[in-house]
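Residue numbers count from 1 along this sequence.
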Amino acid sequence: MISKSTIDKVYESARLEEVIGDFVQLKKSGSNFKGLSPFSDERTPSFMVSPVKQIWKDFSSGKGGNVVAFLMEHEHFTYPEAIKYLARKYNIEIEETERTDEQKQEANERESMYLVSEFAQAHFSEMLWESELGKAIGMTYFKERGFTDGTIKKFGLGYCLDQWDGFTNAALDKGYKLHYLEKTGLTIVKEDANNPNNPRKFDRFKGRVMFPIHSMSGRVLGFGGRILTNDKKAAKYLNSPESDIYHKSKVLYGIYYAKQAIAKEDNCYLVEGYTDVIQFYQRGIHNVVASSGTALTPEQIRLINRLTKNITVLFDGDAAGLRASLRGIDLILEQGMNVKVCTFPEGEDPDSFAKNNDLEELSQYLQDNSKDFIQFKASLLVKEAANDPIKRADTVRDIVHSISKIPDRIQKEIYIQECAQIMNISEAVLFNTLAQISKKDIADATKKVKQEQKAFDVVKNDPVPQKVDVQYELERKIIELLLLYGKNQEKFEDLILKENEEGDLVLEPESVEARVFEKIYLDLQDDEIELTNPNFKNIYYKLIEELNQAEDFTVNTFIAELDQEMVIEISSILMEEEKYTLHNWESKDIYPKDKNIGISQLVSETILTLRCYLIKKRMEALQNSTEENTNDNSETLEEIMNYLQLNKLLNKKLNRVLS
């Protein structure tokens with residue numbers, strides 16, 4: 001268990017914009033920051049971060065919260081994991097109290113898999129540095145690749161001994177369960193018919209050098225293992241199988257080490273293999289990641305898209321591999337990103353070229369040879385088409401098809417013009433071809449949408465527009481006022497309802513000084529007003545209690561103790577104004593006020609508006625009862641008249657005219 005003092009230090013030190021900036025490219029937007037949602041596929045930024053409030057809100061998915069909530073959502077951390085991550089980031093020493101056996105048992109499956117993976121990385125690293133076979137075989141291989149000791153340690157490289165179950169037995173001896181060794185794919189388990197209670201166990205990566213694969217936050221998700229023998233039956237590279245923590249299509253090798261450099265350089269170099277990444281990093285170019293030998297996926301591209309809009313794809317000089325790799329470029333274009341391509345001389349790949357050239361030479365080569373994708377694709381395909389007119393026509397269609405993937409219309413037109421010059425063909429022909437492709441794509445998309453609508457039987461015959469829930473909005477405003485100004489000492493002009501000499505009800509002003517939370521609590525209590533929304537009601541009482549007890553109230557520390565549902569609700573309340581501007585709400589009995597008016601006036605008018613609304617509801621209920629009741633309604637009518645008079649007085653105070 002992490003001590004409360006450690007947790008307090010973490011919340012005091014952590015800066016939301018810095019932490020989220022490690023995962024999402026943020027740009028200044030007034031007093032806030034904005035970026036693309038890390039939780040959904042979007043091209044227009046709707047992810048907002050408030051440094052002042054230390055709250056984030058993702059309007060595309062509805063998620064939100066504080067710094068810990070972000071890590072729990074994005075990295076699937078448990079609460080203690082998120083605190084430990086922040087403590088490491090801000091160099092805070094973690095004080096822990098011993099966990100009970102019951103608490104240890106509550107560790108979830110994912111956390112157990114992470115722990116097993118982290119143990120495996122440490123074990124493989126130990127075998128590489130400490131065992132004779134590790135030094136003789138694994139270390140020799142890494143040294144031959146030109147990796148320094150510092151690089152080997154930086155990337156956590158290791159070696160799995162060439163034994164059937166050496167790693168598995170070491171993990172079991174340390175208390176790790178076979179169930180999690182199997183779930184992470186580190187151990188292969190096979191039933192033994194002769195001994196059903198003792199299944200056979202094998203190390204998946206035996207005899208391989210090991211490359212740990214990290215998440216964006218640095219957690220070990222899985223491994224890539226390279227065999228060093230000439231066994232033709234065994235795969236040269238072997239990856240961890242898919243698991244609850246490792247999804248190959250959503251992971252990029254090296255992203256943990258590259259993320260800050262990618263954001264800083266505003267460009268990402270994309271290579272194919274582990275050693276390409278490591279060699280580039282060692283040479284001094286850190287903004288590089290690999291698809292780990294798998295076909296590039298939209299999820300991987302979106303991972304980069306959070307950090308930069310620019311990708312430079314690096315290919316080796318193998319012409320056969322180039323054509324196949326070009327398919328990934330169309331995927332990148334579909335995500336609205338800018339693509340450049342750089343190839344290395346024949347016989348060279350990113351690994352060998354970086355190894356044989358110094359940083360200045362490598363940087364200069366990348367600068368001089370990185371071509372816009374259209375130039376690269378055209379030059380490559382034109383060579384293949386040569387003087388064959390049919391192949392040439394196919395080449396033109398291929399290039400225009402790539403251009404059709406670009407979402408931005410201006411970029412499309414510029415690329416069409418460039419393609420026309422390179423291919424020596426009229427722009428009109430290319431635009432016609434583009435229109436035909438776009439028309440077909442639209443037709444296909446329309447057909448798909450219609451099929452989905454039919455499949456899900458979408459109900460679309462409800463002409464009644466959804467009404468604004470006035471009470472919901474007013475109760476929400478009260479929570480917002482408590483969160484933002486709860487501790488403020490303000491001067492309020494209270495309204496006391498009295499009967500004058502003529503027997504009429506009048507409101508007499510009375511100045512009082514009070515803290516905002518006291519004013520709200522007493523006014524609602526005096527009028528016997530209960531919040532009706534269960535979430536708001538729960539938050540309200542927790543807020544009042546915290547504001548009453550805490551000397552220094554901050555939203556950040558307050559929501560640290562709440563469950564995730566409340567955290568999302570609070571972040572939504574505080575960040576809603578960043579996206580929505582209310583229009584014509586006066587017609588719905590909601591009267592938004594300029595943010596520049598005094599806090600005391602804002603508080604008073606919000607409570608008055610709620611009172612007016614509740615009075616109106618009460619009058620409507622009484623009127624309905626008189627219509628249904630044929631007996632004497634004189635008392636009810638008198639009550640209605642009193643409410644009507646009170647409602648007029650309150651609205652007069654609010655400078656409103658009732659129709």
Side-chain angles (χ1 to χ4, degrees), residues 1-2 23 38-39 61 63 65 68-88 94 96-124 156 158 160 165 167-191 196-205 210-225 238-253 255-256 292 299 303 563-565 567-568:
M1 296 280 289
I2 303 171
F23 302 91
F39 303 109
S61 67
K63 296 175 180 178
V68 170
F70 177 82
L71 293 171
M72 291 173 72
E73 284 286 352
H74 189 272
E75 293 301 303
H76 304 289
F77 283 169
T78 60
Y79 183 83
E81 287 172 352
I83 294 295
K84 287 179 180 178
Y85 174 87
L86 293 169
R88 288 194 297 269
I94 299 173
E96 291 187 276
T97 56
E98 190 173 347
R99 292 193 298 176
T100 65
D101 291 339
E102 184 179 353
Q103 288 167 333
K104 288 177 183 176
Q105 289 173 2
E106 288 175 357
N108 60 29
E109 291 259 316
R110 290 174 58 86
E111 176 60 15
S112 298
M113 293 172 73
Y114 280 126
L115 293 175
V116 164
S117 299
E118 284 159 8
F119 166 77
Q121 188 276 318
H123 175 82
F124 296 143
C160 184
D165 55 5
F167 161 73
T168 300
N169 288 333
L172 293 173
D173 288 344
K174 288 288 186 180
Y176 294 96
K177 294 180 180 179
L178 183 62
H179 170 69
Y180 298 115
L181 293 170
E182 184 180 17
K183 282 200 75 174
T184 53
L186 289 161
T187 300
I188 299 170
V189 179
K190 291 189 176 180
E191 297 299 326
N197 294 325
N198 189 20
R200 290 181 292 166
K201 305 176 286 292
F202 310 99
D203 293 349
R204 180 180 295 274
F205 295 106
M210 303 298 293
F211 298 84
I213 300 167
H214 297 87
S215 70
M216 195 178 267
S217 65
R219 301 216 77 176
V220 179
L221 304 174
F223 294 88
L238 184 66
N239 273 19
S240 293
E242 293 279 314
S243 71
D244 289 346
I245 62 172
Y246 178 57
H247 303 282
K248 191 183 299 185
S249 65
K250 299 179 181 179
V251 175
L252 286 165
Y253 181 74
I255 189 71
Y256 172 62
S292 304
E299 290 88 355
L303 206 59
D563 60 44
Q564 190 60 13
E565 188 178 350
V567 170
I568 291 172

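Remark: K201 pairs with no residue by the salt bridge (charged side-chain N to carboxylate O under 4.0 Å, His left out) rule, at least two apart or across chains. In terms of the side-chain hydrogen bond (donor to acceptor under 3.5 Å, both in side chains) criterion, residue partners of S61 (sequence neighbours excluded) are, by chain and number, D58. Remark: R219 pairs with F77, E81, E111, Y114, E118, S215, S217 by the side-chain contact (heavy atoms from CB on, under 4.5 Å) rule, at least two apart or across chains. With sequence neighbours excluded, the residues satisfying side-chain contact (heavy atoms from CB on, under 4.5 Å) with A171 are F119, F167, Y176, L181. In terms of the side-chain contact (heavy atoms from CB on, under 4.5 Å) criterion, residue partners of P80 (sequence neighbours excluded) are, by chain and number, I2, T78. The salt bridge (charged side-chain N to carboxylate O under 4.0 Å, His left out) search around D244 returns K183, not counting sequence neighbours. Under the side-chain contact (heavy atoms from CB on, under 4.5 Å) criterion, Q121 pairs with S125, P212, V220, F223, not counting sequence neighbours. Partners of E242 under the salt bridge (charged side-chain N to carboxylate O under 4.0 Å, His left out) rule, at least two apart in sequence or in another chain, do not exist in this structure. Remark: F39 engages W56 in a ring pair (Phe, Tyr, Trp, His ring centres under 6.0 Å) (not counting sequence neighbours). In terms of the salt bridge (charged side-chain N to carboxylate O under 4.0 Å, His left out) criterion, residue partners of E73 (sequence neighbours excluded) are, by chain and number, K63. Among residues two or more places apart in sequence or in another chain, the ring pair (Phe, Tyr, Trp, His ring centres under 6.0 Å) test is passed with Y246 by none.
D165 contributes atom CG, which lies 9.0 Å from atom CG of L172 (distance to the nearest 0.5 angstrom). Summarising the geometry, atom CE belonging to M72 is positioned 8.5 Å from atom OH belonging to Y79; distances are rounded to the nearest 0.5 Å. With rounding to the nearest 0.5 angstrom, the OG atom of S249 is 4.5 Å from the CD atom of E299. Once rounded to the nearest 0.5 Å, the distance linking NE2 of H214 with CG of L252 reads 14.5 Å. Atom CZ of R88 and atom CD1 of I94 lie 6.5 Å apart (nearest 0.5 Å).
I213 and G224 get closest at one heavy-atom pair: CD1-N, 3.9 Å. What you find for R200 and E191 is that their closest heavy atoms are NH2-O, 4.2 Å. Of all heavy-atom pairs spanning R110 and I245, the tightest one is O-CG2, 4.0 Å. The shortest heavy-atom contact between V68 and A82 is CG1-CB, 3.8 Å. Scanning all heavy atoms of the two residues, the minimum distance from F70 to P38 falls at CE1-CG, 4.1 Å. What you find for I188 and R204 is that their closest heavy atoms are CG1-NH2, 3.9 Å.
The shortest distance between side-chain heavy atoms of I255 and F23 does not fall below 4.5 Å. Inter-residue side-chain proximity for L186 and D203 is flagged as unmet; no heavy-atom pair is nearer than 4.5 Å. A 4.5 Å side-chain heavy-atom check between S117 and L221 finds every atom pair outside the cut-off.
For residues 172-181, the set of pairs meeting the salt bridge (charged side-chain N to carboxylate O under 4.0 Å, His left out) definition, not counting sequence neighbours, is empty.
At a cut-off of 3.5 Å, with distance as the only test, a side-chain donor of T168 or T187 sits close to an acceptor on the other residue.
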Check against side-chain contact (heavy atoms from CB on, under 4.5 Å), L303 and K250: CA-CA 8 Å; L303 206 59; K250 299 179 181 179; over 6 Å; no
Test side chain to side chain donor-acceptor pair (under 3.5 Å) applied to E109 and Y180, step by step: CA-CA 8 Å; E109 291 259 316; Y180 298 115; 3.3 Å; yes
